[in-house]
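Working notes, structure below.
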Amino acid sequence: MNFNVNEKGYYGNFGGAYIPEMLHPNVEELRNHYLEIIHDPAFQAEFQDLLRDYVGRPTPLYLAKRLSEKYNTTIYLKREDLNHTGAHKINNTIGQILVAKRLNKHRIIAETGAGQHGVATATACALMGLECIVYMGEVDMERQKPNVERMRMLGATVVPARSGSKTLKDATNEAIRDWINNPVDTHYIIGSVVGPHPYPDMVARFQSVISEEVKKQLKAKTGSELPTHVIACVGGGSNAAGAFYHFLDHKEVRLIAAEAAGLGVTSGYSAATTVLGKPGIIHGSKTLLMQTEDGQIVEPHSISAGLDYPGIGPIHAHLFETGRAEFMAITDKEAFQSAVLLSRLEGIIPALESAHAISALDHLDLKKEDVVVLNLSGRGDKDLQTYINRKSEFMND
Ligand SMILES: *Cc1c(COP(=O)(O)O)cnc(C)c1O
């Protein structure tokens, strides 16, 4: 079975480029050039230098002894939380900004929900001296004020999306409208393995540095480059795609994807796309999507803003359909408790998104001889207010 994208931009039944005709030239230009650009040795040299000296890669693969003891197995944490800006998203924005430069684009647009991708994009634009416009739902701007201020501090213009529910999907519509109107000088940086082909493949390639490093690091530590399990949380699915990438063809490695169940998959407040979703089109690709009978997008819910997305990238829809990856739905409460657990056992406060991956440990029947790699996608500083506000609800002490 093939888990990589095909010529037409499909992963099995999912993917493609379902875009308005007026966007076709922009997407086509990117599709025609992205592989040639990425494979160029000069591009790779610049990308690798920045990943090392600016982002801080390679990130450590850390043997979490006390966490391992608790689960009576061996658990390594891949420390994406130690990247510059505190999560894996910067791997992708640095990659795409270098692509944009080579396509002679000097204006960058992006859309953001929680603001994390907006910050990572604004960071990359400041680094390269490019103009940066970030579309964000008006409601999200109110909810995520610190990230709005971070983007402004970095020199970006944050434009409120005032239509519809004033959240992520409305910001996405605005970004697409902008790109249609500015096809020549503008590159649209998408923040996960979503969007029309070639975005899902391009983003997965940039994030694949995660599993590339894991293989080398695990080999040095254990003598084998293959773990028994790789666990990652899935919003759109970019950190999971990066953590799975170089293990996709090693069938003996179990790939575990943790989705956000919110208040529970049947509660009406959930973001568990593989449980609740049906095939549909979102953000320019065919994938699994939470939708009403007549195909309108259902508002998702998760305690973690980064997992609060009604779809998943087409690669994950394919991994789900083929059974290559196992999907688990983790509730807000489970994730919260796992965040506290990791903080107290290892002195690492994780992002709420990453905490969903930690909760997956409770649902796996792990053995002493197993070797688990858990992708710790981000750090928890951004979630401190949520940890303070919700503590009495979720914890006994
Ligand atoms: C944005 C984010 C996610 C979710 O995005 P993916 O594309 O699914 O990786 C997960 N963890 C953190 C820390 C994030 O900031």
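Remember, it's 1-based here, ligands and their atoms both numbered in the order they're listed. Just so it is clear, the structure is predicted and the values come from calculations on it, not from any experiment.
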key: N-O pairing of E29 and K105 below 4.0 Å   = yes
task = May I ask you to list the atoms of ligand 1 that are less than 4.0 angstrom from any heavy atom of S238?
result = 6 (P), 7 (O), 8 (O), 9 (O)
message = Check this for me, if you would: do K216 and E213 make a salt bridge, where the nitrogen-to-carboxylate-oxygen distance has to be below 4.0 angstrom?
response = no
request  = Please say whether G191 places an N or O atom under 3.5 Å from an N or O atom belonging to ligand 1.
outcome  = no
inquiry  = Heavy atoms only: which of K382, Q207, K89 lies closest to atom 2 (C) of ligand 1?
reply    = K89
request  = Flag S377 as yes when one of its N or O atoms lies below 3.5 Å from any N or O atom of ligand 1, and as no otherwise.
outcome  = yes
task = Assess the side chains of H88 and Q207: does a donor N or O sit below 3.5 Å from an acceptor N or O?
result = no
task = Provide, to 0.1 Å, the distance between atom 10 (C) of ligand 1 and the closest protein heavy atom, together with that atom's residue and name.
result = E353 CB, 3.4 Å
ask   = Are K367 and D370 ion-paired here, with the side-chain N under 4.0 Å from a carboxylate O?
value = no
N or O contact, V193 vs ligand 1, cut-off under 3.5 Å = no
Sub-4.5 Å side-chain heavy-atom contact between Y11 and E321 = no
ask   = Charged N to carboxylate O below 4.0 Å: is that the case for R31 and E7?
value = no
ask   = Taking only heavy atoms of G378, which atoms of ligand 1 are found under 4.0 Å from at least one of them?
value = 13 (C)
remark   = Here the atoms of ligand 1 under 4.0 Å from any heavy atom belonging to A351 are 13 (C)
ask   = Which ligand 1 atoms does G306 reach within 4.0 Å, using its non-hydrogen atoms?
value = 4 (C)
ask   = So H283 and Y309, would you call those rings parallel, tilted or perpendicular, with 30° and 60° as cut-offs?
value = tilted
Heavy-atom gap H88 to ligand 1 smaller than 4.0 Å = yes
For atom 7 (O) of ligand 1, the protein heavy atom that lies nearest, with its residue and separation = S192 OG, 2.6 Å
query = Under a 4.5 Å cut-off applied to non-hydrogen side-chain atoms, are L98 and E46 in contact?
reply = yes
query = Once the angle between the rings of H316 and F244 is folded into 0 to 90°, is it parallel (under 30°), tilted (30 to 60°) or perpendicular (over 60°)?
reply = perpendicular
ask   = Between G235 and ligand 1, is there a nitrogen or oxygen pair with a distance under 3.5 Å?
value = yes
Within-shell test, C233 vs ligand 1, heavy atom, strictly < 4.0 Å = yes
